[in-house]
Amino acid sequence: MSSSSDSDAFEAASLSARAVGARGAPYLDDLNPEQRRAVETLDGPVLMLAGAGTGKTKALTSRIVHLLNTGRARPNEILAVTFTNKAAREMKERVGRMLGRDIEGMPWLGTFHAVCVKLLRRHAELAGLKSNFTILDTDDQVRLLRQLVQAANIDDKRWPPRVLAGIIDNWKNRAWTPDKLPASEASAFDGKGPALYAQYQARLKELNAVDFGDLLLHVVTIFQTHDDVLQQCRRWFRYILVDEYQDTNVAQYLWLRLLAGGHQNICCVGDDDQSIYGWRGAEVGNILRFEKDFPGAHVVRLEQNYRSTPHILAAASGVIAGNRGRLGKELWTETEEGEKVRLIGHWDGEEEARWIGEEIEAMQRGTRRQRPFGLDEMAILVRASHQMRAFEDRFLTIGLPYRVIGGPRFYERLEIRDAMAYFRVVTSPADDLAFERIVNTPKRGLGDKAQQKIQITAREHGVPLVEGARILLEQGGLGGKGGAELRKLIDGLARWGRLLGEDTVGHVELAGQILDESGYTEMWQNDKTPEAPGRLENLKELVKALEQFENLQGFLEHVSLIMDNEQAESGEKVSIMTLHAAKGLEFPVVFLPGWEDGLFPSQRSMDESGEKGLEEERRLAYVGITRAEEVCTISFAGNRRVFGQWQSALPSRFIDELPEAHVEVLTPPGLYGGGYGAAAGGVQNSVDARAARADVYNSPGWKRMQARAGQRPLSQPAETRNTVIDMKAVSSHTMGERVFHQKFGYGAVVGIEGDKLEVDFEKAGTKKVVARFISAADDIPF
DNA sequence: TAAAGGAACCTTTTT
DNA sequence: GGTTCCTTTA
């Protein structure tokens, strides 16, 4: 973009010029005809069906710029919602770049949740809240539910609060408030679900708190019950843009329909083939139904792919073609042919990691067929996060720099959550959940009994826990060391609260003070475990992060919404992430390991959602393949360690669905792994397995048929396989067998239930024990 | 009440 | 194999 046109755009937007039109708008010339249509169709509903890599973000941002440029809308009149903070940030940056300036003036560009928080703060009282409500994360949510479950005398072993949290989440995704729960849900959670849900909502109100689902649901309810608010919002948001529309759930869908109800200026972008969030309530139906929901909608299909080579595209299309009920798109590209998708099988997960490590190093140097690639041009995309460890282990040993994206998040770490709880109690003393978390951290000699006393006192007086604790101390109800420590804590909280109000101490300093004076910092300084130094580092980082905020409250809100790691880690590194996390990203080189039935497609997904689940898994495969620009390598392993146990698996059924013409089957170059575990058949295996690998592809479905016939799936030598299984096999015990247990000593097996044994011990009596902890009596060396 | 050890659970995917 | 929760023990 030339500098003169930049300033044109700037002028146009900032002076809110009436009709600059398309003149002097180079961003329009940059678009292909379909993209251009999507950008220029400003009135009425528009559905932009954008396949992978077709320039969807470009079209979306151009549309925003166009709205501003033509004077159709001012920055604050555009509502643009995304699902992730990353997407929102990227859009902001791109719009800013196109306009040639910051877009401070787009307050309504953000995630669904962030936008809803803003709206809800404004109208909190309509939802029975105060505008300074706190946002609970999953952890708080579960703890609160645990209290309710226990209070209702329900066995929280059989009915875990975590499960209830999931159920309630689901209800909220469907926009079911307690009074709108359909009868079909009455039996949920042992029939107590609906009642507990109502109690939970009531308790949240008492705590002046909301959970994630509430953010949307409260706003939807307000819209439905207060027409004036709805009308006002419709006037505010003259144009609505929605990213990743295929991922919207019912609540979000209602929210959008309500807002677009007047002017119908809504533009939804999405790709039904990339709908991968069904498990958290996304409804592909929303996008499939768009034309019915918004009559007269313009539908634009973006089908020219600018990302991947034809082979990669064809492979992806081949897989996704197995799904039914698609809107249907035909992706095409003008890029040069490139390499076929590469397929390779391995003996086990470790060998797979080893091979990929070596392959990455080779590609870094460059090969006969390919240019050299930088490490940050390469990514490994896995189905489930536990697969990452094999790669981390391997890369650490060979010293290959990597970065895990979407791993354990900064704000979810123990020490960070503790520190945050301190801040929360100081800023809102009614936050009982936060108080419970810190009352005995560090150890203050306030165990269960002392905490119960506080609870009882608080309940008697109908006050929050902090206040209850204060009263308890006044009454002299808690003496000794615990009492003194509690006094110190309560006094401290009062003091910090005053400092917060007085504004004499900066909030950054205050935060440091809270952590030091409460003894929290000291606790970690005295901790001898290896993690302690890291945790102290994190605390420092946390306090530093505060500098970017006006005050503690602002910071707390930021954290509750931005749960992702934003560290812009620099340096050349290979990326490792889940397929879900990879959506929206692209890499020249992509590795897709772990394509085995049960792992991918995930068994659980298929068990729980059947054909629907399988289709979502297939879309996940499609997302994975289409992340690759130049080289895409799919791999599977015949054996994998799961929970420390070896398990063998069959190659994924998706491998059979790859169109043969676009796939090249690799054979590993000779003998790695030889010399390693040769006794377990290392060498022989790799020879044998190699033959099979080629075979795998020659006759799709072969392995599964073999397997169904009860034969070995992957051409491992039968003996080897049996050895592996036998060695690791657990429950090979027989009734009456004499066995030994580390703790209970000798006994006889009197019952067998799966992997659990009932053993009559000579000294300890009859007990049920997991077979893993049992060995045959004569195995014990003396 | 806190520390230590054992048993059971676990692995989808996340705003 | 790793984590968390629960029991036992000091």
Side-chain angles (χ1 to χ4, degrees), chain A residues 81-88 110-117 135-138 146 156-157 160 162 166 169 172-173 211-216 244 247-249 251-252 275-282 349 381-390 393 406-409 411-412 414 440 442-451 480-482 485 529 560-565 577-583 594 598-609 613 616-617 619-620 623-624 640-647 728 741-744 755-756 767-774:
Chain A
V81 282
T82 63
F83 276 86
T84 64
N85 295 297
K86 205 171 64 189
T111 62
F112 276 99
H113 297 269
V115 169
C116 282
V117 171
I135 304 164
L136 301 187
D137 60 24
T138 325
R146 171 163 295 120
D156 65 354
K157 289 278 130 43
R162 189 165 292 283
D169 235 42
K172 290 187 175 178
N173 286 338
D211 63 22
F212 264 103
D214 281 339
L215 290 175
L216 270 147
E244 308 279 17
D247 289 336
T248 49
N249 60 35
Q252 287 155 339
S275 162
I276 55 176
Y277 284 105
W279 51 274
R280 77 170 194 217
L381 311 182
V382 297
R383 175 63 183 86
S385 44
H386 65 83
Q387 291 172 261
M388 292 180 182
R389 181 168 336 130
D393 285 352
R409 301 165 204 171
Y411 292 115
E412 276 176 9
L414 177 84
N440 201 31
K443 299 280 184 294
R444 296 193 172 89
L446 297 163
D448 285 351
K449 255 190 261 156
Q451 292 190 35
K481 185 172 165 278
E485 289 281 328
T529 55
S560 53
L561 290 175
I562 312 272
M563 291 302 275
D564 57 357
N565 253 3
M577 68 188 92
T578 63
L579 287 163
H580 285 87
K583 192 160 85 159
L599 180 59
F600 187 39
S602 139
Q603 193 58 50
R604 190 163 154 186
S605 180
M606 293 187 290
D607 289 347
E608 282 174 7
S609 316
E616 181 152 318
E617 296 287 309
R619 291 192 290 267
L620 212 39
V623 168
R640 212 171 270 284
R641 225 212 291 260
V642 183
F643 303 147
Q645 304 272 9
W646 283 98
Q647 279 190 353
K728 309 289 176 185
H741 184 274
Q742 275 294 328
K743 186 169 163 198
F744 303 132
D755 63 340
K756 290 194 181 68
K767 294 201 184 291
K768 276 198 181 157
V769 214
V770 176
R772 188 149 42 100
F773 294 101
I774 287 284

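Letters A, B, ... are given to chains in the order of the sequence lines, protein chains preceding strands, and every chain is numbered from 1. Just so we're clear, the structure is a prediction, and the values are computed from it rather than from any experiment.
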Worksheet item: Is A:Thr82 near enough to B:dT15 that one of its side-chain N or O atoms lies under 4.0 angstrom from OP1 or OP2?
Response: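 For A:Thr82, the contact criterion (side-chain N or O under 4.0 Å from OP1 or OP2 of B:dT15) is not met.
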Worksheet item: Is A:Phe643 stacked on the base of B:dC10, meaning ring centres closer than 5.5 Å and planes within 30 degrees of each other?
Response: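 So A:Phe643 counts as stacking on the base.
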Distance check needed: [N] [atom2] versus [X] [atom1], whole Å only.
X        : N      : atom1 : atom2 : result
A:Phe112 : B:dT14 : CZ    : C1'   : 15 Å
A:Lys583 : B:dT15 : NZ    : P     : 12 Å
A:Met388 : C:dG1  : CE    : P     : 21 Å
A:Phe212 : B:dT15 : CZ    : P     : 8 Å
A:Tyr277 : B:dT12 : OH    : P     : 16 Å
A:Arg146 : C:dT4  : CZ    : P     : 13 Å
A:Met606 : B:dT12 : CE    : C1'   : 12 Å

Worksheet item: What does A:Thr138 touch in the nucleic acid at a heavy-atom separation under 4.0 angstrom: a base, only the sugar-phosphate, or nothing?
Response: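 Nothing: the residue A:Thr138, judged by heavy atoms under 4.0 Å, touches no strand.
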Item to complete: Check for a donor-acceptor pair, side chain of A:Asp247 on one end and backbone N or O of A:Ala282 on the other, with a separation under 3.5 Å.
Response: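 Not confirmed, A:Asp247 side chain does not pair with A:Ala282 backbone.
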Worksheet, complete the sentence: Writing each nucleotide of DNA chain B 5' to 3' as (, ), [, ], | or . by Watson-Crick or G-U pairing under 3.5 Å yields ||||||||||.....
Polar-atom pairs under 3.5 Å, protein N or O versus N or O of nucleotides 1-5 of chain B: list them with distances, or write none.
from, atom 1, to, atom 2, distance (Å)
B:dT1, OP1, A:Gly447, N, 3.2

Discussion item. If we check side chain to side chain contact (heavy atoms under 4.5 Å, CB included) with A:Phe112, which of these qualifies: A:Asn249, A:Thr248, A:Val117?
Written reply: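 With A:Phe112 as partner, A:Asn249, A:Thr248, A:Val117 yield a single side chain to side chain contact (heavy atoms under 4.5 Å, CB included), made by A:Thr248.
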Practice prompt. Check every atom of B:dT14, B:dT12, C:dG1 against the side chain of A:Arg389 and return the nucleotide holding the closest atom.
Written response: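 For A:Arg389, the side-chain atoms sit closest to C:dG1.
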Fill in: Rounded C1' spacing from B:dT12 to C:dC5 in Å
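Between the two C1' atoms, the distance is 23 Å.
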